[in-house]
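Beneath this line is the structure, given in structure tokens, with notes to follow.
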Amino acid sequence: MEWESRYSERARGMKASEIRELLRLTQQPDIISFAGGLPSPESFPTVDIAEVTTHIMLTAAEEALQYGTTEGYNRLREYCAYWSKKEGIEATMDNVVITSGSQQGLDIVSKILLDPNDVVIVEAPSYLGGLGAIRAYQASFTAVKMDDEGLMMDQLEDTIKKMNHPPKLVYTVPTFQNPAGVTMIEKRRKKLVDLAHDYDFVIMEDNPYGDLRYSGDPVKAIKAFDDEGRVIYTSTFSKIFSPGMRLAWIIGHETFIRKFVIAKQSTDLCTNSFVQRILYEYCRRDLIENHINKIREIYREKRDVMLESLEEYFPEGCSWTRPDGGLFLWARVPEYIDTKVMIGEAIKERVAYVHGAAFFVDGSGTNTMRLCFSYASNEKIREGIKRLGRVIEKEIKAHKA
Ligand code: PMP
Ligand code: G9A
């Protein structure tokens with residue numbers, strides 16, 4: 001059976017995610033993985049989840065095992081609206097839909113906003129899963145650079161001015177960005193909303209990491225500065241609770257939310273009712289806040305262990321970011337090293353990372369890599385960075401020889 005010629009044009013343009021492909025490889029037990037952005041497995045609150053699940057089965061099994069509304073479990077929607085207030089977002093349950101991971105939100109937003117060849121502005125580098133969702137609807141990308149204070153607004157405005165039409169969408173991960181670990185400062189968040197108004201585009205704000213701050217002061221969401229309803233916001237329980245549960249939420253203007261719900265109807269009818277109830281009960285008991293405080297401590301330490309190990313084991317000529325939160329560091333090796341090629345050597349040493357070019361739409365960033373510090377144990381972080389340092393050193397020696 002020949003399949004290739006039968007695929008839609010849309011499907012032909014789809015690309016495998018390097019992160020997902022690497023996940024299969026890094027599940028081998030002897031590999032130390034800094035690749036996928038996976039929460040620490042020891043952090044999962046298994047005993048509490050077991051207790052809450054039993055409670056749901058004893059008290060609300062009929063609803064939990066039934067289809068639910070496409071919008072999601074109302075109490076959880078209310079909770080998400082409440083949860084988002086701490087970032088300055090004014091939302092009610094009617095602005096919220098519970099999604100099967102924020103990846104689903106990114107897919108549905110792309111589905112309902114993008115026609116082929118619409119231009120989407122993305123950060124350079126940007127989150128692979130977001131790029132994948134946008135690419136699947138045949139939009140074209142324009143990348144704008146970031147510095148230590150996030151997406152550069154002067155460059156964004158210059159880029160827009162040079163375009164024939166303003167972009168349809170700007171996609172940003174403004175807080176502890178995946179992959180670069182950078183946070184957009186408040187002044188730029190306001191400016192981005194002003195530009196969206198002036199040039200009439202929509203902002204997609206993707207914020208899975210905002211609650212994972214280990215140092216520095218909290219920032220308001222971009223959505224907090226939006227009084228026109230042109231910012232779509234998504235966050236997720238994947239990194240603060242469990243990615244396996246596939247629970248996230250999206251916030252938007254009510255008109256947009258209605259369209260979103262219609263699109264979601266043909267995607268999965270509704271998000272898993274069972275886990276929505278479990279999560280809500282977990283939140284209702286105020287367990288989520290304690291849990292986040294606990295993982296913040298764990299991840300702060302892991303981040304510091306990785307930073308110290310980089311200092312100790314990475315050779316001269318390398319540099320890296322020092323993020324205040326999230327799960328990732330972004331490292332740079334000498335220009336002449338292609339980290340995509342080097343991954344083969346790293347795997348031989350049983351250590352993995354994601355090569356940086358995967359996060360750029362124009363293939364740049366060939367001497368960069370993303371290192372996730374949340375998954376491996378402290379000992380494995382030290383050992384993994386030591387091995388990676390050795391691999392880089394070998395490349396440097398080979399180049400000099
Ligand atoms: N957006 C960003 C920026 C992410 O880093 C991730 C997960 N790595 C997601 C979206 C998707 O998360 P989920 O679907 O698990 O909610
Ligand atoms: O496993 C995934 O695809 C989610 C993690 C994303 C990431 O590593 O950025």
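Residues: numbered from 1 along the sequence shown. When a ligand or atom number is given, it counts from 1 through the structure's own listing order.
- Using a 30° and 60° split on the angle between ring planes, Phe241 and Tyr282 fall in the tilted class, from 30° to 60°.
- Only the side chain of Lys239 comes within contact range of ligand 1, with a heavy atom under 4.0 Å; no backbone atom does.
- Taking the six-membered ring where tryptophan is involved, the planes of Phe237 and Trp249 are tilted, since the angle between them lies from 30° to 60°.
- Taking distance alone, with nitrogen or oxygen atoms compared against 3.5 Å, Tyr127 stays at or beyond that limit from ligand 2.
- Distances shorter than 4.0 angstrom do not occur between any heavy atom of Gly130 and any atom of ligand 1.
- Taking a cut-off of under 4.0 Å to the non-hydrogen atoms of Val173, the atoms of ligand 1 that pass are 3 (C).
- Proximity of a side-chain donor or acceptor of Lys168 to a complementary backbone N or O of Leu113 within less than 3.5 Å is detected.
- Contact check on Lys190 versus Glu186 returns a salt bridge, with a Lys/Arg side-chain nitrogen under 4.0 Å from an Asp/Glu carboxylate oxygen.
- In terms of protein heavy-atom proximity, atom 15 (O) of ligand 1 is nearest to Ser238 OG, 2.6 Å.
- Listed by atom number, the atoms of ligand 2 under 4.0 Å from Asn178 heavy atoms are 7 (C), 9 (O).
- Proximity of Gly36 to ligand 2 is established by a heavy-atom distance of less than 4.0 Å.
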**Message:** Working note: Glu71 + Arg77, criterion salt bridge (Lys or Arg N to Asp or Glu O under 4.0 Å); need CA distance, chi angles, decisive distance, verdict.
**Reply:** CA-CA 8 Å; Glu71 287 84 348; Arg77 293 170 74 204; 5.5 Å; no
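- In this structure, Lys85 is not positioned above the aromatic face of Trp83 in the sense of NZ or CZ being under 6.0 Å from the six-membered ring centre and within 45° of the axis.
- Taking atom 3 (C) of ligand 1 as the reference point, the nearest protein heavy-atom neighbour is Asp206 OD2, 3.3 Å.
- Counting heavy atoms closer than 4.0 Å to ligand 1, residue Ser102 contributes atoms from both its backbone and its side chain.
- Contact annotation: Gln103 has no heavy atom less than 4.0 Å from any atom of ligand 2.
- Closest to atom 1 (O) of ligand 2, if we only count protein heavy atoms, is Arg20 NH2, 2.6 Å.
- Remark: Arg258 does not engage Glu254 in a salt bridge, criterion side-chain N to carboxylate O under 4.0 Å.
- Every N/O-N/O distance between Lys239 and ligand 2 stays at or above 3.5 Å.
- When the options Tyr171, Tyr209, Phe176 are ranked by their closest heavy atom to atom 5 (O) of ligand 1, first place goes to Tyr209.
- A salt bridge between Asp226 and Arg230 is absent, with no side-chain N of the basic residue lying under 4.0 Å from a carboxylate O of the acidic one.
- Counting only non-hydrogen atoms, the option in Gln104, Met245, Gln177, Arg246 that gets closest to atom 14 (O) of ligand 1 is Arg246.
- Residue-ligand proximity, Thr236 to ligand 1, at heavy-atom distances under 4.0 Å covers atoms 13 (P), 16 (O).
- Here's the thing with Gly37: one of its N/O atoms is less than 3.5 angstrom from an N/O atom of ligand 2.
- Between Phe328 and Tyr209, a ring centre-to-centre spacing shorter than 6.0 Å is recorded.
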**Q.** side chain to side chain donor-acceptor pair (under 3.5 Å) assessment of Tyr73 paired with Glu63
**A.** CA-CA 10 Å; Tyr73 179 41; Glu63 299 88 350; over 6 Å; no
